[in-house]
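Down below is the structure, laid out as structure tokens.
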Amino acid sequence: MNYILFDGNVRNALLPFTFTRPVADIRVGILTIREKWEKYLGNTTTTITEEYLSEKFPMVEMEENVIINASFLPNQVLAEMVRNLEENQAIFYEDEVIAFYTKEGQEVDFETYEIIEFNDECIRIEHTWDIFQKNDAAIREDFDLLTEDRFSQPIPKSVNVIAPENIFIEEGAKLEFVTLNASTGPIYIGKNAEIMEGSVIRGPFALGEEAQVKLATKIYGATTVGPHCRVGGEVNNSVLFAYSNKGHDGFLGNSVLGEWCNIGADSNNSNLKNNYEEVKLWSYESERFEKTGLQFCGLMMGDHSKCGINTMFNTGTVVGVSTNIFGSGFPRNFVPSFSWGGATGFTTYITKKAFETAKIVMSRRHVDFTEEDAKILEHIFEETKKYRNEA
């Protein structure tokens, strides 16, 4: 069967992260949503997404297809239902379609479909803050999925460990003289990852392939440090997608960083307002600040964004794609994509300069900055002009 993941109606609610990727390629837990579906289904997937992303994330349609709403995270029950879908059948959760069977060129009319109700529990990502809020449950599910019937590498003797049965170490990982407390949730250490001496980590925690935890880092669950990321200082309930750095002292809490982000030394974000009120976040859907229902909510930073040393972020700050933030004081709570500056004001970060930086940054990790990447960022630059004009 051919499986295709689509963005659904949550795509705009997940900006700025979906500026540069389909919903399916958001990381929550250990894996991206796409990786989860592919693991459960035993099949590769393609994508229905925005036109400007479709060259990098193409759709492959075949004679028979199952189309899946990427905002729903799979589990054993849901994946089995999806695998068993037949012609003119669709799975719904309340009024929301999860998956449906279709033939090439078929006009889809759910009035003519047999509707199968999904009444079980599963995780759904509908808002940017769900990525860290639901990360605890997602890490636990991914941990079970990835470690079932497999054996961990031995825990080195120098490691202080609580609940070793909840720790899984992949081949090539390095860790000595660290403290791991997995009594509060599982700890997964990816292939060729490294945790340096003196670090203290509480689960649930996921460290991606070739990622690195720097000397004497303090990490609270539920935190995901994606593949090829670097973290140091203090991190609490945050998700770093991949290839992003927060390599020095400073606090990052209840936050999400996309790919190719860099947080300067001694930078901090607030995750709790001084008056303890509910946090509001900038919404790209309503183009204003909206309530999150959360007391703790930190920084949402899109791909390729950077901040200089000693940067301070207010509670509930949204930073777009390819921004460069520096200087003293708190920058505003919404920084549009391709902004250059700080608390004293912003100018436009022109694409030529942004691309030059992206090429250098990516080449350091042996990744090419492609024409596809440039076209995507050019589209985002044009699409977000209105926000820079208002800034």
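This chain uses plain numbering: 1 for the first residue, then up along the sequence.
- Electrostatic pairing of Glu372 and Lys375 does not count as a salt bridge here, judged by no charged N lying under 4.0 Å from a carboxylate O.
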Would you check, one step at a time, whether the test salt bridge (Lys or Arg N to Asp or Glu O under 4.0 Å) holds for Arg140 with Asp144? CA-CA 6 Å; Arg140 292 172 194 271; Asp144 291 342; over 6 Å; no
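- Considering Thr47, Asp303, Thr32 in turn, Asp303 is the only one that fulfils the side-chain hydrogen bond (donor to acceptor under 3.5 Å, both in side chains) rule with Arg21.
- Counted within 6.0 Å of CD on Glu117, heavy atoms from surrounding residues, nucleotides or ligands total more than 12; the atom is thus considered enclosed.
- At least one side-chain heavy atom of Ile91 sits under 4.5 Å from a side-chain heavy atom of Val82.
- Counted by atom type alone, Tyr101 and Glu64 present one or more donor-acceptor pairs between their side chains at under 3.5 Å.
- Taking the six-membered ring for Trp, Phe72 and Phe118 have ring centres at least 6.0 Å apart.
- Within the 3.5 Å criterion, the main-chain N or O of Gly308 finds a donor-acceptor partner in the side chain of Ser267.
- The distance between the ring centers of Phe334 and Phe289 does not fall below 6.0 angstrom.
- Using a 4.0 Å cut-off between charged side-chain N and carboxylate O, Arg288 and Glu290 make a salt bridge.
- In this structure, Arg83 contributes its side chain and Tyr40 its backbone to a donor-acceptor pair below 3.5 Å.
- Taking the six-membered ring where the residue is Trp, Tyr52 and His379 present parallel rings, their angle staying beneath 30° rather than reaching 60°.
- Distance alone, capped at 3.5 Å, places no donor-acceptor pair between the Asn65 side chain and the Ile67 backbone.
- Ring-plane geometry between Trp282 and Tyr284 is classed as perpendicular, the angle between the planes exceeding 60 degrees on a 0 to 90 degree scale with a lower cut at 30.
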Take Glu141 and Lys134, measure what salt bridge (Lys or Arg N to Asp or Glu O under 4.0 Å) needs, and give me the verdict at the end. CA-CA 11 Å; Glu141 288 194 0; Lys134 298 180 180 180; over 6 Å; no
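- Considering only heavy atoms from C-beta on, Asp142 stays 4.5 Å or farther from Glu35 through its side chain.
- In terms of modelled atom types and a separation under 3.5 Å, the side chain of Asn88 and the main chain of Tyr113 share no donor-acceptor contact.
- One N or O on the side chain of Ser199 and one on the backbone of Lys214 form a donor-acceptor pair closer than 3.5 Å.
- Looking only at side-chain heavy atoms (C-beta outward), Val367 and Val361 stay at 4.5 Å or farther from each other.
- With a 4.5 Å cut-off on side-chain heavy atoms, Leu215 and Glu197 count as touching.
- Residue pairs that meet the ring-ring contact (aromatic ring centres under 6.0 Å, His included) test with at least one member in residues 201-252, sequence neighbours left out, are Phe17-Phe241, His228-Tyr243, Tyr243-Trp260.
- Take Asp7 and apply the side-chain contact (heavy atoms from CB on, under 4.5 Å) test, not counting sequence neighbours, and it matches Arg11, Pro22, Val23, Thr49.
- Checked for salt-bridge contact, Glu356 and Lys352 meet the test: a charged N lies under 4.0 Å from a carboxylate O.
- Donor-acceptor pairing under 3.5 Å is lacking for the side chains of Glu38 and Tyr3.
- Ser158 contributes a side-chain N or O that, together with a main-chain N or O of Phe177, makes up a donor-acceptor pair within less than 3.5 Å.
- Taking the side chain as every heavy atom from C-beta outward, Tyr93 and Asn69 never approach each other to under 4.5 Å.
- Checking each of Leu252, Ile263, Thr224 against Leu240 for a side chain to side chain contact (heavy atoms under 4.5 Å, CB included) leaves exactly one that passes, namely Leu252.
- The 12-atom threshold is exceeded at NZ of Lys273, counting heavy atoms of other residues, nucleotides or ligands nearer than 6.0 Å.
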